[in-house]
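Single-structure report; data block below.
What you see is a predicted model, and the numbers here were worked out from it, not measured in a lab.
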Amino acid sequence: DELARSRRSHVLNSMKHVWKNYRELAFGKDELHPVSGKATNSWGGMGATLVDSLDTLWLMDLKKEFNDGKDWVEKTMSHTMVGEVNGFETTIRI
């Protein structure tokens with residue numbers, strides 16, 4: 001119905017908006033703080049936001065964005081700098 005299509009469109013546009021900002025301000029970082037625009041590595045620099053977003057990008061048919069993230073994981077992601085992290089949170093995200 002029309003309401004469902006409108007909602008889908010708004011959700012898709014919201015995802016495109018947040019991914020664009022993440023890509024520009026924090027690509028490969030764990031977090032982007034939306035008010036300051038500051039990027040941080042609160043999860044040991046594993047690209048937690050990026051990795052956690054990959055399935056959503058795929059399901060929303062944002063294949064270019066998905067492939068950009070996948071390429072970062074394949075070429076750049078490293079666990080050598082990871083310090084102490086929460087095991088549960090890391091497991092559900094990564």
Quiz item: Under 4.5 Å between any side-chain heavy atoms of Thr49 and Asp30, yes or no?
Solution: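 Result no, sub-4.5 Å side-chain heavy-atom pair not found.
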Quiz item: Is any side-chain heavy atom of Asn67 less than 4.5 Å from a side-chain heavy atom of Lys70?
Solution: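 Side chain of Asn67 against side chain of Lys70, heavy atoms only: contact under 4.5 Å found.
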Closest non-hydrogen atom pair, [X] against [Y]:
{"X": "Leu50", "Y": "Tyr22", "value": "CB-OH, 3.4 Å"}
{"X": "Met15", "Y": "Thr56", "value": "CE-CG2, 4.0 Å"}
{"X": "Val51", "Y": "Met46", "value": "CG2-O, 3.9 Å"}
{"X": "Trp19", "Y": "Ser53", "value": "CZ3-CB, 3.8 Å"}

Quiz prompt | Donor on one side chain, acceptor on other, Ser42 and Glu31, under 3.5 Å | solution =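 The answer is yes; a qualifying pair exists.
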Quiz item: Is the closest side-chain donor-acceptor distance between His17 and Asn21 under 3.5 Å?
Solution: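 A donor-acceptor contact under 3.5 Å links the two side chains.
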Would you compute the distance between atom [atom1] of [X] and atom [atom2] of [Y] and round it to the nearest 0.5 angstrom?
{"X": "Arg8", "Y": "Arg5", "atom1": "CZ", "atom2": "CZ", "result": "7.0 Å"}
{"X": "Leu25", "Y": "His33", "atom1": "CG", "atom2": "NE2", "result": "12.0 Å"}
{"X": "Leu12", "Y": "Met60", "atom1": "CG", "atom2": "CE", "result": "5.0 Å"}
{"X": "Arg23", "Y": "Leu32", "atom1": "CZ", "atom2": "CG", "result": "13.5 Å"}
{"X": "Thr76", "Y": "Asp71", "atom1": "OG1", "atom2": "CG", "result": "9.0 Å"}

Practice problem: Step through the shown structure and confirm whether more than 12 heavy atoms of other residues, nucleotides or ligands are within 6.0 Å of CH2 on Trp58. | Solution: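 Result for CH2/Trp58: open.
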Quiz item: Asn13 side chain to Ser9 main-chain N or O, any donor-acceptor pair under 3.5 Å?
Solution: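 Yes; at least one donor-acceptor contact below 3.5 Å.
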Self-check item: Residues Asp61, Lys63: salt bridge by 4.0 Å N-O rule
Solution: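 Result for this pair is yes, salt bridge flagged.
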Quiz item: Do the charged groups of Asp68 and Lys64 touch, with an N to O distance under 4.0 Å?
Solution: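 Lys64 and Asp68: salt-bridged.
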